[in-house]
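Report on the following structure.
None of these values were measured; they are calculated from a predicted model. Remember, it's 1-based here, ligands and their atoms both numbered in the order they're listed.
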Amino acid sequence: MSLVDPMHLGWQMAALSRDVRRRPVQRVVAGVPVALFRSNGRIGALVDRCPHRNFPLSQGRVAENGLTCPYHGWRFAADGTCVAVPGCTLGEAEGRRLSAKPVAVYEAHGAVFVRLADTPDVPAAPTLRAPFGSDGFDHFWWDQGEWRGTAFDAIENVMDPFHTSELHHGLIRRRDRRQPVTLTVENFERGIEMTIDQSRPDSGIMSRLLEGERTRSRTRYDAPAAVQAVWESRHGLTLCVTAFFTPVGKHSFRPFACFTTPRGILPAVVKQWGLKAFLMPVVKQDRSALAAQAEVVARFGAMRYAQGPGDILGNRIHRLYQGGALMPGITDRLAADL
Ligand code: FES
Ligand SMILES: [Fe+2]
(Lines give C-alpha, C1' and ligand atoms only; values in the text may rest on other atoms or scores of the structure.)
(Ligands and ions follow the chains in the order given, each with its own letter.)
Protein backbone atom coordinates (compact mmCIF):
# COMPACT_ATOMS: atom_id res chain seq x y z
CA MET A 1 0.00 0.00 0.00
CA SER A 2 1.18 3.47 -0.88
CA LEU A 3 2.10 5.70 2.03
CA VAL A 4 1.46 8.78 -0.08
CA ASP A 5 -1.89 10.50 0.49
CA PRO A 6 -3.95 9.55 -2.60
CA MET A 7 -5.09 13.18 -2.84
CA HIS A 8 -1.46 14.11 -3.44
CA LEU A 9 -1.01 11.68 -6.32
CA GLY A 10 -3.47 13.15 -8.80
CA TRP A 11 -3.83 16.63 -10.28
CA GLN A 12 -5.90 19.05 -8.22
CA MET A 13 -7.13 22.41 -9.40
CA ALA A 14 -5.58 25.08 -7.20
CA ALA A 15 -6.67 28.38 -8.70
CA LEU A 16 -8.12 30.22 -11.63
CA SER A 17 -5.40 31.52 -13.95
CA ARG A 18 -6.77 35.02 -13.57
CA ASP A 19 -6.11 34.91 -9.80
CA VAL A 20 -2.39 34.20 -10.22
CA ARG A 21 -0.85 37.43 -11.39
CA ARG A 22 2.30 39.23 -10.35
CA ARG A 23 1.67 38.85 -6.63
CA PRO A 24 2.04 35.33 -5.28
CA VAL A 25 -1.08 33.62 -3.90
CA GLN A 26 -1.40 30.85 -1.35
CA ARG A 27 -3.73 27.91 -1.90
CA VAL A 28 -4.04 25.00 0.49
CA VAL A 29 -4.43 21.76 -1.46
CA ALA A 30 -5.10 18.55 0.46
CA GLY A 31 -3.55 20.05 3.57
CA VAL A 32 -0.44 21.43 1.88
CA PRO A 33 -0.04 25.20 1.47
CA VAL A 34 1.27 26.06 -1.97
CA ALA A 35 2.62 29.41 -3.18
CA LEU A 36 1.67 30.12 -6.80
CA PHE A 37 3.35 32.88 -8.77
CA ARG A 38 4.32 34.00 -12.26
CA SER A 39 7.81 34.99 -13.16
CA ASN A 40 9.34 35.46 -16.62
CA GLY A 41 6.00 34.43 -18.13
CA ARG A 42 6.20 31.08 -16.40
CA ILE A 43 3.92 29.83 -13.66
CA GLY A 44 5.65 28.46 -10.58
CA ALA A 45 4.36 26.48 -7.60
CA LEU A 46 6.37 25.91 -4.45
CA VAL A 47 5.41 24.40 -1.11
CA ASP A 48 4.70 27.54 0.90
CA ARG A 49 7.62 27.23 3.28
CA CYS A 50 10.97 28.89 2.85
CA PRO A 51 13.64 26.24 3.48
CA HIS A 52 15.73 28.81 5.38
CA ARG A 53 13.61 29.75 8.42
CA ASN A 54 10.20 28.54 7.19
CA PHE A 55 8.72 31.92 6.39
CA PRO A 56 5.66 31.65 4.04
CA LEU A 57 6.94 32.23 0.53
CA SER A 58 3.49 33.37 -0.61
CA GLN A 59 4.13 36.58 1.32
CA GLY A 60 7.21 37.21 -0.79
CA ARG A 61 7.56 39.23 -3.95
CA VAL A 62 7.99 38.09 -7.50
CA ALA A 63 11.39 38.93 -8.93
CA GLU A 64 12.61 38.66 -12.49
CA ASN A 65 13.72 35.07 -12.18
CA GLY A 66 11.80 33.75 -9.23
CA LEU A 67 10.20 34.42 -5.89
CA THR A 68 11.98 36.35 -3.15
CA CYS A 69 11.35 35.43 0.49
CA PRO A 70 10.68 38.65 2.41
CA TYR A 71 12.55 37.54 5.56
CA HIS A 72 16.21 37.33 4.46
CA GLY A 73 15.70 37.78 0.75
CA TRP A 74 16.64 34.34 -0.55
CA ARG A 75 15.32 33.96 -4.06
CA PHE A 76 13.89 30.77 -5.58
CA ALA A 77 13.40 29.95 -9.26
CA ALA A 78 10.13 28.34 -10.46
CA ASP A 79 11.75 24.89 -10.15
CA GLY A 80 12.58 25.62 -6.50
CA THR A 81 16.33 26.14 -6.91
CA CYS A 82 17.73 28.83 -4.65
CA VAL A 83 19.29 31.36 -7.02
CA ALA A 84 20.33 34.14 -4.65
CA VAL A 85 21.26 34.64 -1.00
CA PRO A 86 21.66 38.41 -0.59
CA GLY A 87 25.03 39.49 0.75
CA CYS A 88 26.71 36.16 -0.04
CA THR A 89 28.04 34.28 -3.04
CA LEU A 90 26.01 31.21 -3.89
CA GLY A 91 27.40 28.29 -5.87
CA GLU A 92 25.16 26.19 -8.13
CA ALA A 93 25.40 23.07 -6.00
CA GLU A 94 24.70 25.07 -2.86
CA GLY A 95 21.67 26.61 -4.61
CA ARG A 96 20.30 23.14 -5.34
CA ARG A 97 20.89 22.03 -1.76
CA LEU A 98 18.94 25.02 -0.48
CA SER A 99 15.98 24.47 -2.86
CA ALA A 100 12.41 25.19 -1.90
CA LYS A 101 10.16 22.21 -2.59
CA PRO A 102 8.70 22.53 -6.10
CA VAL A 103 5.19 21.35 -6.92
CA ALA A 104 4.29 20.16 -10.43
CA VAL A 105 2.02 22.72 -12.05
CA TYR A 106 -0.10 22.63 -15.21
CA GLU A 107 -2.17 25.42 -16.68
CA ALA A 108 -4.95 25.08 -19.25
CA HIS A 109 -8.25 26.77 -20.15
CA GLY A 110 -8.02 29.34 -17.38
CA ALA A 111 -7.24 26.81 -14.63
CA VAL A 112 -4.09 26.09 -12.64
CA PHE A 113 -3.60 22.50 -11.49
CA VAL A 114 -0.98 21.16 -9.09
CA ARG A 115 0.25 17.69 -8.27
CA LEU A 116 1.82 17.34 -4.87
CA ALA A 117 3.46 13.92 -5.05
CA ASP A 118 6.04 13.25 -7.72
CA THR A 119 5.77 9.50 -8.15
CA PRO A 120 6.59 8.32 -11.69
CA ASP A 121 3.32 6.44 -12.36
CA VAL A 122 0.93 9.40 -12.21
CA PRO A 123 -0.13 11.14 -15.44
CA ALA A 124 1.87 14.08 -16.74
CA ALA A 125 -1.27 16.20 -17.08
CA PRO A 126 -4.79 16.23 -15.62
CA THR A 127 -7.63 14.56 -17.52
CA LEU A 128 -9.51 17.39 -19.23
CA ARG A 129 -12.50 16.35 -21.21
CA ALA A 130 -14.03 18.23 -24.18
CA PRO A 131 -16.03 20.41 -24.56
CA PHE A 132 -14.28 21.91 -21.52
CA GLY A 133 -12.01 24.55 -23.09
CA SER A 134 -12.95 23.61 -26.68
CA ASP A 135 -13.08 26.26 -29.39
CA GLY A 136 -16.47 27.33 -30.70
CA PHE A 137 -18.23 27.36 -27.31
CA ASP A 138 -18.81 29.99 -24.63
CA HIS A 139 -17.10 29.21 -21.33
CA PHE A 140 -17.17 30.89 -17.96
CA TRP A 141 -15.78 30.00 -14.55
CA TRP A 142 -17.58 30.12 -11.21
CA ASP A 143 -15.30 29.94 -8.16
CA GLN A 144 -17.23 29.99 -4.91
CA GLY A 145 -14.40 29.86 -2.42
CA GLU A 146 -14.16 27.25 0.31
CA TRP A 147 -17.08 25.02 1.32
CA ARG A 148 -17.50 23.04 4.51
CA GLY A 149 -17.61 19.29 3.91
CA THR A 150 -15.48 16.90 1.93
CA ALA A 151 -14.62 16.89 -1.75
CA PHE A 152 -15.68 13.23 -1.82
CA ASP A 153 -19.22 13.98 -0.59
CA ALA A 154 -19.48 16.84 -3.08
CA ILE A 155 -18.48 14.55 -5.95
CA GLU A 156 -21.02 11.98 -4.84
CA ASN A 157 -23.67 14.70 -4.60
CA VAL A 158 -23.10 15.72 -8.22
CA MET A 159 -23.09 12.11 -9.44
CA ASP A 160 -26.31 11.25 -7.59
CA PRO A 161 -29.58 12.15 -9.37
CA PHE A 162 -31.92 10.96 -6.59
CA HIS A 163 -31.40 13.93 -4.27
CA THR A 164 -32.50 16.34 -7.01
CA SER A 165 -36.21 15.45 -6.56
CA GLU A 166 -36.06 15.93 -2.79
CA LEU A 167 -33.41 18.50 -1.84
CA HIS A 168 -33.98 20.55 -5.00
CA HIS A 169 -37.75 19.95 -5.09
CA GLY A 170 -39.38 22.41 -7.46
CA LEU A 171 -36.10 23.73 -8.84
CA ILE A 172 -34.62 20.71 -10.66
CA ARG A 173 -37.23 17.99 -10.26
CA ARG A 174 -40.38 17.54 -8.19
CA ARG A 175 -40.91 14.91 -5.53
CA ASP A 176 -44.64 14.88 -6.32
CA ARG A 177 -44.23 14.56 -10.08
CA ARG A 178 -41.55 12.01 -10.68
CA GLN A 179 -41.03 10.69 -14.16
CA PRO A 180 -39.59 7.48 -15.53
CA VAL A 181 -35.93 7.45 -16.56
CA THR A 182 -33.34 4.85 -17.38
CA LEU A 183 -30.01 5.05 -15.59
CA THR A 184 -26.97 3.42 -17.14
CA VAL A 185 -23.62 3.14 -15.40
CA GLU A 186 -20.34 2.61 -17.18
CA ASN A 187 -17.04 1.95 -15.47
CA PHE A 188 -13.71 3.22 -16.70
CA GLU A 189 -10.37 2.34 -15.21
CA ARG A 190 -10.10 5.65 -13.37
CA GLY A 191 -13.62 6.98 -13.73
CA ILE A 192 -17.32 6.25 -13.86
CA GLU A 193 -20.21 7.62 -15.90
CA MET A 194 -23.94 7.75 -15.25
CA THR A 195 -26.28 8.37 -18.18
CA ILE A 196 -29.91 9.30 -17.67
CA ASP A 197 -32.27 8.77 -20.61
CA GLN A 198 -35.71 10.31 -20.41
CA SER A 199 -38.40 11.36 -22.84
CA ARG A 200 -39.33 14.70 -21.22
CA PRO A 201 -37.28 17.42 -19.51
CA ASP A 202 -37.11 17.43 -15.70
CA SER A 203 -40.23 18.55 -13.87
CA GLY A 204 -38.55 21.42 -11.98
CA ILE A 205 -38.89 25.05 -12.95
CA MET A 206 -35.30 25.40 -14.16
CA SER A 207 -35.65 22.77 -16.85
CA ARG A 208 -39.02 24.03 -17.91
CA LEU A 209 -37.75 27.59 -18.36
CA LEU A 210 -34.26 26.90 -19.66
CA GLU A 211 -34.48 23.72 -21.70
CA GLY A 212 -36.64 23.22 -24.74
CA GLU A 213 -36.30 19.48 -24.60
CA ARG A 214 -33.95 16.96 -23.16
CA THR A 215 -33.27 13.42 -24.06
CA ARG A 216 -30.14 12.61 -22.20
CA SER A 217 -27.83 13.81 -19.45
CA ARG A 218 -24.49 12.32 -18.58
CA THR A 219 -22.32 12.75 -15.51
CA ARG A 220 -18.77 11.55 -15.66
CA TYR A 221 -16.33 11.36 -12.76
CA ASP A 222 -12.61 11.26 -13.52
CA ALA A 223 -10.57 10.53 -10.41
CA PRO A 224 -9.45 12.12 -8.29
CA ALA A 225 -11.45 15.32 -8.52
CA ALA A 226 -13.16 16.11 -11.85
CA VAL A 227 -16.87 15.75 -12.59
CA GLN A 228 -18.39 16.71 -15.91
CA ALA A 229 -22.15 16.94 -16.37
CA VAL A 230 -23.54 17.24 -19.89
CA TRP A 231 -27.15 17.93 -20.90
CA GLU A 232 -28.15 17.11 -24.45
CA SER A 233 -31.19 17.51 -26.63
CA ARG A 234 -31.88 16.10 -30.07
CA HIS A 235 -29.93 19.05 -31.50
CA GLY A 236 -26.78 18.43 -29.45
CA LEU A 237 -25.27 20.03 -26.37
CA THR A 238 -27.44 22.27 -24.20
CA LEU A 239 -25.05 22.80 -21.29
CA CYS A 240 -21.87 21.28 -19.91
CA VAL A 241 -20.53 21.89 -16.41
CA THR A 242 -17.00 20.76 -15.65
CA ALA A 243 -16.25 20.93 -11.95
CA PHE A 244 -13.08 20.29 -9.97
CA PHE A 245 -13.47 19.55 -6.27
CA THR A 246 -10.21 20.34 -4.54
CA PRO A 247 -9.78 19.09 -0.98
CA VAL A 248 -8.45 21.90 1.22
CA GLY A 249 -8.26 20.36 4.67
CA LYS A 250 -10.01 17.43 6.32
CA HIS A 251 -13.30 19.30 6.59
CA SER A 252 -13.31 21.67 3.66
CA PHE A 253 -12.95 21.77 -0.09
CA ARG A 254 -13.07 24.26 -2.91
CA PRO A 255 -15.28 23.66 -5.93
CA PHE A 256 -14.35 25.31 -9.23
CA ALA A 257 -16.94 25.04 -12.00
CA CYS A 258 -16.60 25.91 -15.66
CA PHE A 259 -19.83 26.32 -17.66
CA THR A 260 -19.78 25.59 -21.37
CA THR A 261 -22.64 26.41 -23.74
CA PRO A 262 -22.91 26.33 -27.51
CA ARG A 263 -22.52 29.75 -29.13
CA GLY A 264 -25.94 31.14 -29.96
CA ILE A 265 -27.96 34.29 -30.17
CA LEU A 266 -27.55 35.26 -26.52
CA PRO A 267 -24.27 37.01 -25.67
CA ALA A 268 -22.01 34.97 -23.35
CA VAL A 269 -22.29 37.49 -20.52
CA VAL A 270 -26.10 37.33 -20.51
CA LYS A 271 -25.99 33.52 -20.36
CA GLN A 272 -23.45 33.75 -17.54
CA TRP A 273 -25.66 35.98 -15.41
CA GLY A 274 -28.80 34.03 -16.24
CA LEU A 275 -27.27 30.66 -15.37
CA LYS A 276 -25.76 31.96 -12.15
CA ALA A 277 -29.06 33.52 -11.08
CA PHE A 278 -30.95 30.29 -11.76
CA LEU A 279 -28.38 28.03 -10.18
CA MET A 280 -27.70 30.08 -7.06
CA PRO A 281 -30.60 28.61 -5.00
CA VAL A 282 -29.63 25.05 -6.01
CA VAL A 283 -26.00 25.69 -5.11
CA LYS A 284 -27.07 27.10 -1.73
CA GLN A 285 -29.11 23.96 -0.99
CA ASP A 286 -26.19 21.67 -1.85
CA ARG A 287 -23.80 23.84 0.13
CA SER A 288 -25.85 23.64 3.32
CA ALA A 289 -26.57 19.92 2.83
CA LEU A 290 -22.85 19.12 2.54
CA ALA A 291 -22.06 21.23 5.61
CA ALA A 292 -24.82 19.52 7.64
CA GLN A 293 -23.66 16.08 6.52
CA ALA A 294 -20.04 16.92 7.45
CA GLU A 295 -21.14 18.02 10.90
CA VAL A 296 -22.88 14.69 11.60
CA VAL A 297 -19.93 12.68 10.27
CA ALA A 298 -17.55 14.73 12.44
CA ARG A 299 -19.72 14.22 15.52
CA PHE A 300 -19.77 10.44 15.02
CA GLY A 301 -16.09 10.34 14.13
CA ALA A 302 -16.42 8.64 10.73
CA MET A 303 -18.86 8.22 7.88
CA ARG A 304 -21.04 5.13 7.80
CA TYR A 305 -23.12 5.08 4.62
CA ALA A 306 -25.81 2.51 3.83
CA GLN A 307 -26.34 1.59 0.17
CA GLY A 308 -29.97 1.82 -0.96
CA PRO A 309 -31.61 0.60 -4.17
CA GLY A 310 -30.90 3.93 -5.93
CA ASP A 311 -27.23 4.00 -4.97
CA ILE A 312 -26.17 2.12 -8.04
CA LEU A 313 -22.69 3.61 -8.01
CA GLY A 314 -22.22 1.84 -4.68
CA ASN A 315 -18.82 2.50 -3.21
CA ARG A 316 -17.14 2.83 -6.60
CA ILE A 317 -16.71 6.61 -6.36
CA HIS A 318 -15.02 6.12 -3.03
CA ARG A 319 -12.74 3.44 -4.41
CA LEU A 320 -11.71 5.68 -7.31
CA TYR A 321 -11.32 8.67 -5.00
CA GLN A 322 -8.96 6.64 -2.83
CA GLY A 323 -6.74 5.86 -5.82
CA GLY A 324 -8.27 2.50 -6.82
CA ALA A 325 -9.27 1.33 -10.31
CA LEU A 326 -12.40 -0.25 -11.85
CA MET A 327 -12.91 -2.96 -14.44
CA PRO A 328 -14.08 -1.07 -17.59
CA GLY A 329 -17.51 -1.73 -19.12
CA ILE A 330 -21.25 -1.09 -18.72
CA THR A 331 -22.27 -2.57 -15.42
CA ASP A 332 -25.78 -1.49 -14.49
CA ARG A 333 -29.08 -0.41 -15.98
CA LEU A 334 -31.87 0.70 -13.72
CA ALA A 335 -35.36 1.94 -14.44
CA ALA A 336 -36.34 4.50 -11.83
CA ASP A 337 -38.59 7.49 -11.24
CA LEU A 338 -36.85 10.82 -10.77
S1 FES B 1 13.20 32.58 6.03
FE2 FES B 1 13.17 32.86 3.92
S3 FES B 1 15.01 33.84 3.51
FE4 FES B 1 15.13 33.43 5.57
FE1 LIG C 1 -27.49 18.97 -5.85
Item to check | Shortest non-hydrogen separation from Gly145 to Arg254 and the atoms involved | outcome: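 Gly145 and Arg254 have their closest heavy atoms at O-CG, 3.4 Å.
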Checklist entry - For the residue pair Pro6 and Tyr321, what are the closest heavy atoms and their distance? => result CB-O, 4.3 Å
Item to check | Flag, side chain of Ser252 to backbone of Trp147, donor-acceptor distance under 3.5 Å | outcome: no
Item to check | Donor-acceptor contact below 3.5 Å, side chain Asp48 vs main chain Ser58 | outcome: yes
Item to check | For atom 4 (Fe) of ligand 1, closest protein heavy-atom neighbour | outcome: His72 ND1, 2.0 Å
Checklist entry - In the protein, which heavy atom is nearest to atom 1 (S) of ligand 1, and how far is it? => result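 Checking every protein heavy atom, the shortest distance to atom 1 (S) of ligand 1 gives Arg53 N, 3.2 Å.
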Item to check | His163 and Asp160: side chain donor to acceptor below 3.5 Å | outcome: yes
Checklist entry - Does the side chain of Glu156 pick up a donor-acceptor pair with the side chain of Tyr221 at under 3.5 Å? => result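 Result is no, nothing qualifies.
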Item to check | Arg42 to Phe37 six-membered ring, cation-pi geometry met (6.0 Å, 45°) | outcome: no
Checklist entry - Counting backbone and side-chain atoms alike, does Cys69 have an N/O/S atom under 2.8 Å from atom 2 (Fe) of ligand 1? => result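 Short answer: yes, at least one N, O or S atom is under the cut-off.
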Checklist entry - Of Phe132, Trp11, Phe256, which meets ring pair (Phe, Tyr, Trp, His ring centres under 6.0 Å) against Phe244? => result Phe132
Checklist entry - With atoms numbered from 1 as shown, which atoms in ligand 1 lie under 4.0 angstrom from a non-hydrogen atom of Trp74? => result 3 (S)
Checklist outcome for this item: The atom name of the N, O or S atom in His52 nearest to atom 4 (Fe) of ligand 1 is ND1
Checklist entry - Leaving waters out, which protein N, O or S atoms fall under 2.8 Å from the Fe ion (ligand 2)? => result His163 NE2, His168 NE2, Asp286 OD1, Asp286 OD2
